[in-house]
Amino acid sequence: MPQTDYDLIIIGAGPAGSTTARFASTAGLRVLLVDKRQELGSPIQCSGAISGHGLEAAGIDANPEFIHEAIYGFAIYDEAGARTVHDYRQLKPDDYGSGPGKKPLGYVVDRRRFDRYLMTQAERAGTEVWLKTEGVGYQPQADGSCTVALRRYNQDITLSTRVLVGADGLQSQVGKWAGLQTHIKITELAGCLQFIVDGVETEGLLEIVTGHEWAPGGYAWVFPKGHGYAEIGLGVIATMTDKPAQWHLDKFMQQSFFRKRFANARILEVQGGGVPLAAPLRTQYADNMILVGDAARHVNPITGGGLHTAVAGGKIAADFLIGHLQDGLPLQEGALQAYQNVWLSELGDKMWKLYGIKTDIFHNMNIAQRDEQLYATMSDYFSPTSEFKKI
Amino acid sequence: MSKQQPVLFSIGWNACINCGACVAICPQEAGFVSPFDTIAVDRPCDIACLLCESICPVDTITHVAVMQQVPQPALVVDPSRS
């Protein structure tokens, strides 16, 4: 292979891209990480929940720079407000809690600060970072490398690299450049809206509200957001309602069993996004290219959570690429399928299984039965005995 | 759900929260985007599946049918001009 400008060019400096960059740079690869934004993580499209285990496994310190609030468990509600609580302060009091020698189960993070922190760690490991830089296209070359076209502050730049990593989120253009089947079904993308509010008390738990009445096709949530704030949101599937998420969120706040609790809510921020409740992409690689994070749809199909899966997938991608490039192995004609195989065995197979469980629930056309199934599944999912608790 | 006739999308920017859900659901080729993380509003969409309108959390995407391809999108809604 001829000399290239970089070993990796990573498009998108979110959690997946920055984690890939950090591990790759630490191993000595020459990495360029680009992001089109001027401020990472903004506008926020995410509720920000991640487990302590997820951070630890990806080598990320639970740094106060990005943590809004520590989490100690879950409360799952049915449509009428009956709830199942898994409070790990009570379930495993020797391990979890706020006292000395104990730790939180997870955190709600500020995506602006979290994304910036992860980018900073990548830079300190040796990654070159360009903000205000958009990916425009890429072209595999006959010599086994590829070129990547970028636009940086309106200037067109073409660079050569061995591998392009598409970490450009749910709206990924990189996958489309390679002609991958990236289209997601309308029945599997939840339209989400959330408010950061003052005046709503929380108890260190992630609260999940099921029920077609409140969030058809998805669920509603109340998360602690630090400083006495909370995050109230929901996601809906467009084919299961003729109203937008905004209408459902207003209804949830005004009419649900939480209406008294929410009566003094004062809205501080409005955030939204599309959350895939879908299977991972079937093909996450092409010549000289792999996808990570939301771009590869590395998102938990039951919870819609994508932070843990993004940083875990970023580490898997980096570990794979480090070995693959050091061994001088080919990068075209299907060679990078090996990345996908590693990802499937380490993480993806479990996500496919979750997708099967989720699909079974939402294929049930009987709303009352479906509500019951979703409540039972969510309640079980977050229990200490769940086989999926490390996802 | 799909319509044969191309449409030109319009976004009520006052309500748009730049969430990107419309781009995420869009079956168009790469590049059918605006500089504000939304679907393109400066050229017609020939697929016209309208999924972007369905997914929008704040219901702020609308469209007009494009009767004929003319270079200036502002004019294409008026067939009498062609």
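All chains are named by letter (A, B, ...) in the order of the sequence lines, taking the proteins before the strands, and each is independently numbered beginning at 1. Keep in mind it's a predicted model, so treat the numbers as computed, not measured.
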Turns out that what part of A/Gln271 lies under 4.5 Å from chain B's heavy atoms comes down to backbone
Of B/Asn18, B/Asp59, B/Ile55, the largest count of non-hydrogen pairs under 4.5 angstrom with chain A goes to B/Ile55
From the list A/Thr133, A/Val165, A/Leu164, side-chain contact (heavy atoms from CB on, under 4.5 Å) with A/Ile11 holds only for A/Leu164
If one checks every heavy atom of A/Arg37 against chain B at 4.5 Å, the contacting part turns out to be side chain
Counting only heavy atoms not in A/Lys243, do more than 12 sit closer than 6.0 Å to its NZ atom? yes
A/Leu277 versus A/Leu189: any side-chain heavy-atom pair under 4.5 Å? no
- Message: Quick check on the 6.0 Å ring-centre criterion: do B/Phe36 and B/Trp13 meet it?
- Response: yes
For residues 176-184 of chain A against chain B, heavy atoms under 4.5 Å, the residues are A/Lys176, A/Trp177, A/His183, A/Ile184
Ranked by heavy-atom pairs below 4.5 Å to chain A, first place among B/Ile25, B/Ile17, B/Val23 goes to B/Ile25
Under the criterion side-chain hydrogen bond (donor to acceptor under 3.5 Å, both in side chains), I'd like the reasoning laid out for A/Gln255 against A/Asp250: C-alpha separation, chi angles, the key distance, then a yes or no.
CA-CA 8 Å; A/Gln255 297 179 26; A/Asp250 286 343; over 6 Å; no
**OP:** Could you tell me whether the side chain of A/Gln194 reaches within less than 4.5 Å of the side chain of A/Ser47, counting heavy atoms only?
**Re:** yes
Taking the side chain from A/Gln141 and the backbone from A/Gln139, do they hold a donor-acceptor pair closer than 3.5 Å? yes
Per-residue tally against chain A (heavy atom, under 4.5 Å) across B/Ala30, B/Cys26, B/Ala21 peaks at B/Ala30
Applying side-chain hydrogen bond (donor to acceptor under 3.5 Å, both in side chains) to B/Ser34 and not counting sequence neighbours gives B/Thr38
Honestly, the part of A/Gln45 sitting under 4.5 Å from a heavy atom of chain B is side chain
Could you walk me through whether A/Glu188 and A/Tyr355 satisfy the side-chain hydrogen bond (donor to acceptor under 3.5 Å, both in side chains) test, starting with their C-alpha distance in whole Å, then the side-chain angles of each, then the deciding distance to 0.1 Å, before giving a yes or no? CA-CA 10 Å; A/Glu188 299 193 336; A/Tyr355 176 68; 2.4 Å; yes
